[in-house]
Each structure stands twice: as structure tokens, then as C-alpha cells.
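Keep in mind that the numbers below use all heavy atoms, side chains included, and drop hydrogens, waters and symmetry copies.
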Amino acid sequence: MLNIVSVLIGLVTLVLGLVAFIPLLGWMNWLVIPIGIVGAAVGAMSSSNGGRNLNIVLIVIFAIRLSLGGGIF
């Protein structure tokens, strides 16, 4: 059950993160990354690794995007 919750949190993170890829909305990554961290924590409590891995991949992708934009763009 926790894995399903983690995947749902990951999907919310993905949708918000795709919006953050629009130029001048890169600041949204500051909101998206903590949501992914919560999803990874919930996924770590489950017996399956799918949700946790999804959230970790999203955290890495959006952190790279945040660093490329200088933390703002």
C-alpha cells in the first residue's frame, strides 16, 4: 500500500516538475524536490522498491535542472 502512495506522490512530482521545465518557472523545482523526498521516504517504508526508485530518479533529474538554471531559472 505504501508503494502505491509513493508512486502517486511520484506522479504528482512528475506533473509539477514538467511544468517547472517551462522557462522562467524553474523556481518551482524548489517546491518539487521536497515533494519527491517525501515520496522517496514513503517508498522506503514499503516492501517494494518501485515508488522509491521513481522518486529518487525524479529528484536527481529536477536537481540537475535546478542547478543548470542557476537555482532560479
Chemist: Which heavy-atom pair separates Arg65 from Asn29 by the least distance, and what is that distance?
Modeler: CG-ND2, 3.4 Å

Chemist: With a 4.5 Å limit on heavy-atom distance, are the side chains of Trp27 and Leu25 in contact?
Modeler: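 Sidechains of Leu25 and Trp27: in contact.
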
Chemist: Do Leu31 and Leu24 sit in the same hydrophobic cluster, where Ile, Leu, Val, Met, Phe, Trp and Tyr count as joined when their side-chain heavy atoms come under 4.5 Å apart?
Modeler: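 As far as the 4.5 Å side-chain criterion goes, Leu24 and Leu31 are not connected within one cluster.
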
Chemist: Between atom CG of Leu54 and atom CZ of Arg52, what is the distance when rounded to the nearest 0.5 Å?
Modeler: 11.5 Å

Chemist: Return the minimal non-hydrogen interatomic distance between Leu16 and Met28, and the atom names on each side.
Modeler: O-CE, 3.8 Å

Chemist: Please step through side chain to side chain contact (heavy atoms under 4.5 Å, CB included) for the pair Val57 and Ile61, ending with a clear verdict.
Modeler: CA-CA 6 Å; Val57 168; Ile61 290 171; 3.8 Å; yes

Chemist: Please identify each residue that fulfils side chain to side chain contact (heavy atoms under 4.5 Å, CB included) with Thr13, with sequence neighbours left out.
Modeler: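 Side chain to side chain contact (heavy atoms under 4.5 Å, CB included) check on Thr13 returns Ile9, Val32, Ile35, Asn55, Leu58, Phe62.
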
Chemist: Name the atoms and distances for all side-chain donor-acceptor pairs under 3.5 Å in residues 37-48, with sequence neighbours left out.
Modeler:
residue : atom : partner : partner atom : Å
Ser46   : OG   : Gly43   : O            : 2.9
Ser46   : OG   : Ser48   : O            : 2.8

Chemist: Is it true that Ile64 and Leu14 fall in one hydrophobic cluster, defined by side-chain heavy atoms closer than 4.5 Å?
Modeler: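 They do not share one cluster, since no chain of ILVMFWY contacts under 4.5 Å joins Ile64 to Leu14.
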
Chemist: Verify, without hydrogens or angle tests, whether Asn53 (side chain) and Gly50 (backbone) share a donor-acceptor contact under 3.5 angstrom.
Modeler: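 Side chain of Asn53 to backbone of Gly50: no pair is present.
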
Chemist: Indicate if Ile56 and Ile4 have the same hydrophobic cluster label, given that clusters are the connected sets of ILVMFWY residues with side-chain heavy-atom separations under 4.5 angstrom.
Modeler: no

Chemist: Nearest 0.5 Å, what's the CD1-CG distance between Ile59 and Leu66?
Modeler: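 Ile59 CD1 to Leu66 CG: 12.5 Å, rounded to 0.5 Å.
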
